[in-house]
Q: 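Before I ask anything, let me first share the structure, which is written out below as structure tokens.
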Amino acid sequence: KIVEKNFHWSPAIYRIPADTSVEILAFAGDYFPERERAESRAHRIHVLGKEQHAELIRQRLESLLARVEEVSRLEEKIKANTSELAENDKLTEQQKSERIGKTSEDQERNAKALSQMAQEGMKTLQEAMKNSVFTEQALQEWAKNMEKMQNLAQKEMKAAGENLKSAQKNQDAESRKKDLAEAMKQEQDVLDALQKMQGKVNKDLDDLQALTLAERLRKVGSTETEIGGELQKIVPETIGLLPKELPEKFKKIGATLSDRQDDAHTESQQLQKEIARFFE
């Protein structure tokens, strides 16, 4: 009733060009006479070109930066809460302890989120290494950014969380204030580092977007050159023929070139919008 088989598929082996969609299906038949074979659902695979792949990498890194901004905002909130707890003498010991505990949990959660982002970023960079569009220097700069994120999460943010836990357990008012003051200092260091990192990453993203836009423009240009070359090849055999007189072979070639021209037109329109936004 059940059979499994591994099937290794590679676009290189089957000479599938980039920017092509492929549908893969499985069929199963048995020995019962005239029984139709069973058919699996289609698995659709799109073979990315290096330009599309580079844009996908850029989008992932841009999404990562947006999440770093969320970490920065939460860190600001944590610091504000720590400052208020250090200065507020109207709260009871139990209220203070509960609020410090909540702030400590927020800090721990924020550190964990930043650490996960750094790990995701490194996986994205490993994927980027497969693409010749990205320079070694650019990848090294991004790797440094991910390393800084990981260090912030594991050192400064972790230390701030530990000081908050210490303040929660400490019954002596002066010692508690000292722990909170130390936590505030570390939280401010984290905020300063995040702000500096975001400024650098923003610039790196701008450079990356300029690179991917240029590569995609070159791709559209090479597509137009290829379409023109294909047309020149078939003109000697088709010139002067009416559409109905064209052999089936040339009709198929014409339809394929038409589809490619439509795709190039759509891509160039999208690029025009993205370049305008980038310029602004």
Q: Please walk me through it: do Glu108 and Lys158 pass salt bridge (Lys or Arg N to Asp or Glu O under 4.0 Å)?
A: CA-CA 7 Å; Glu108 189 176 341; Lys158 184 179 179 180; over 6 Å; no
Q: When hydrophobic residues are tied together by side-chain contacts of less than 4.5 Å, even through go-betweens, does Leu56 share a cluster with Leu61?
A: no
Q: Quick check: do Gln107 and Leu74 have side-chain heavy atoms less than 4.5 Å from each other?
A: no
Q: For the backbone of Leu208 and the side chain of Thr212, can you confirm whether one donor and one acceptor N or O come within less than 3.5 Å of each other?
A: yes
Q: In plain terms, say whether Glu84 and Arg99 are close enough for a salt bridge, that is, a side-chain N and a carboxylate O under 4.0 Å apart.
A: yes
Q: Working note: Gln188 + Asp192, criterion side-chain hydrogen bond (donor to acceptor under 3.5 Å, both in side chains); need CA distance, chi angles, decisive distance, verdict.
A: CA-CA 6 Å; Gln188 185 60 53; Asp192 292 341; 2.9 Å; yes
Q: Report the C-alpha separation of Met149 and Asn151 in whole Å, then their side-chain angles, then the decisive distance to 0.1 Å, and conclude whether the side chain to side chain contact (heavy atoms under 4.5 Å, CB included) test is met.
A: CA-CA 5 Å; Met149 287 168 61; Asn151 286 337; over 6 Å; no
Q: Hey, any chance Ile24 and Ile13 share a hydrophobic cluster, counting ILVMFWY side chains that come within less than 4.5 Å of each other, even indirectly?
A: yes
Q: Is there a side-chain contact between Ser21 and Ile45 in this structure, where contact means two heavy atoms from C-beta onward sitting under 4.5 Å apart?
A: no
Q: Please determine whether a side-chain nitrogen of the Lys or Arg among Arg277 and Glu280 lies less than 4.0 Å from a carboxylate oxygen of the Asp or Glu.
A: no
Q: Between Asp19 and Lys219, does at least one N-O distance fall below 4.0 Å, as a salt bridge requires?
A: yes
Q: With a 4.5 Å cut-off on side-chain heavy atoms, are Met157 and Asn110 touching?
A: yes
Q: Excluding sequence neighbours, so at least two apart, what forms side-chain hydrogen bond (donor to acceptor under 3.5 Å, both in side chains) with Glu187?
A: Thr82
Q: If I compare all heavy atoms of Lys50 with all of Ser132, which pair ends up nearest, and what's the gap?
A: CD-OG, 3.9 Å
Q: Evaluate the side-chain proximity of Gln150 to Gln119: yes if any heavy-atom separation is below 4.5 Å, no if none is.
A: yes
Q: Minimum heavy-atom separation for Ala86 to Lys177, with atom names?
A: O-CE, 3.8 Å
Q: Looking only at non-hydrogen atoms, find the nearest pair between Asn131 and Ala54 and report the distance.
A: ND2-N, 3.4 Å
Q: More than 12 non-hydrogen atoms from neighbouring residues, nucleotides or ligands closer than 6.0 Å to NE2 on His43, yes or no?
A: yes
Q: Can you tell if the side chain of Thr238 reaches within under 4.5 Å of the side chain of Leu246, non-hydrogen atoms only?
A: yes
Q: Is it the case that over 12 heavy atoms from other parts of the model lie below 6.0 angstrom from the CD atom of Glu147?
A: no
Q: Does the side chain of Phe134 reach to within under 4.5 Å of the side chain of Leu125, using non-hydrogen atoms?
A: no
Q: Report, as yes or no, whether the 6.0 Å neighbourhood of atom CG on Leu25 holds more than 12 heavy atoms from other residues, nucleotides or ligands.
A: yes
Q: Sub-3.5 Å donor-acceptor pair from the side chain of Ser115 to the main-chain atoms of Ala111, do we have one?
A: no
Q: What's the shortest heavy-atom distance between Leu64 and Gly121, and which atoms?
A: CD2-CA, 3.9 Å
Q: Heavy-atom count around Gln272 CD within 6.0 Å, excluding the residue itself: above 12?
A: no
Q: Between Phe7 and Tyr14, how do the two ring planes meet: parallel, tilted or perpendicular, split at 30° and 60°?
A: tilted
Q: Assess whether salt bridge (Lys or Arg N to Asp or Glu O under 4.0 Å) is satisfied between Glu182 and Lys185, documenting all intermediate values.
A: CA-CA 5 Å; Glu182 189 62 29; Lys185 181 180 178 300; 5.3 Å; no
Q: What heavy-atom pair brings Ala18 and Gly49 nearest, and what distance separates the two atoms?
A: CB-CA, 3.5 Å
Q: Given Glu51 and Arg218, is the salt bridge (Lys or Arg N to Asp or Glu O under 4.0 Å) satisfied, shown in steps?
A: CA-CA 9 Å; Glu51 297 81 13; Arg218 291 191 188 98; over 6 Å; no
Q: Has Ser72 got a side-chain atom pairing as donor or acceptor with Val68's backbone, closer than 3.5 angstrom?
A: no
Q: With side-chain hydrogen bond (donor to acceptor under 3.5 Å, both in side chains) as the test, would you mind laying out the steps for Gln209 and Glu274 before giving the verdict?
A: CA-CA 10 Å; Gln209 187 168 13; Glu274 290 182 30; 5.0 Å; no
Q: How about Leu241 and Phe250: do any of their side-chain heavy atoms sit closer than 4.5 Å?
A: no
Q: Give the cluster check for Val220 versus Ile227: same hydrophobic cluster or not, with ILVMFWY residues linked at side-chain heavy-atom distances below 4.5 Å.
A: no
Q: Taking all non-hydrogen atoms of both residues, which atom of Lys251 and which atom of Pro243 are closest, and how far apart?
A: CE-O, 3.5 Å
Q: Quick test of your reading of the model: are Glu141 and Lys200 salt-bridged, counting only N-O distances below 4.0 Å?
A: yes
Q: Under 3.5 Å, is there a donor-acceptor pair between the side chain of Thr256 and the main chain of Lys252?
A: yes
Q: Regarding Arg58 and Glu55, does a basic nitrogen lie under 4.0 Å from an acidic carboxylate oxygen?
A: yes
Q: With side chains defined as the heavy atoms from C-beta onward, is the minimum distance between Leu180 and Ile100 less than 4.5 Å?
A: yes
Q: Under 4.0 Å between a side-chain nitrogen and a carboxylate oxygen: does that hold for Lys77 and Asp106?
A: no
Q: Can you tell whether the side chains of Arg67 and Glu120 come within less than 4.0 Å, N to carboxylate O?
A: yes
Q: Near Phe32 CZ, under 6.0 Å, is it more than 12 heavy atoms from other residues, nucleotides or ligands?
A: no
Q: Under the salt bridge (Lys or Arg N to Asp or Glu O under 4.0 Å) criterion, do Glu127 and Arg60 qualify, and how do the steps go?
A: CA-CA 11 Å; Glu127 184 69 25; Arg60 286 183 185 174; 5.3 Å; no
Q: Of Gln154, Lys148, Glu156, which is the lone residue that meets side-chain contact (heavy atoms from CB on, under 4.5 Å) with Leu152?
A: Glu156
Q: Can you tell me if CD on Glu245 sees more than 12 non-hydrogen neighbours from other groups inside 6.0 Å?
A: yes
Q: Checking Gln168 against Glu98 for the side-chain hydrogen bond (donor to acceptor under 3.5 Å, both in side chains) test, could you report, in this order, the C-alpha distance in whole Å, the side-chain angles of both residues, the deciding distance, and whether it holds?
A: CA-CA 8 Å; Gln168 183 187 16; Glu98 287 175 357; over 6 Å; no
Q: Can you confirm whether more than 12 heavy atoms, excluding those of Tyr31, are under 6.0 Å from its OH atom?
A: no
Q: Find out if a path of hydrophobic residues (ILVMFWY) with successive side-chain heavy-atom gaps under 4.5 Å connects Leu65 to Val71.
A: yes
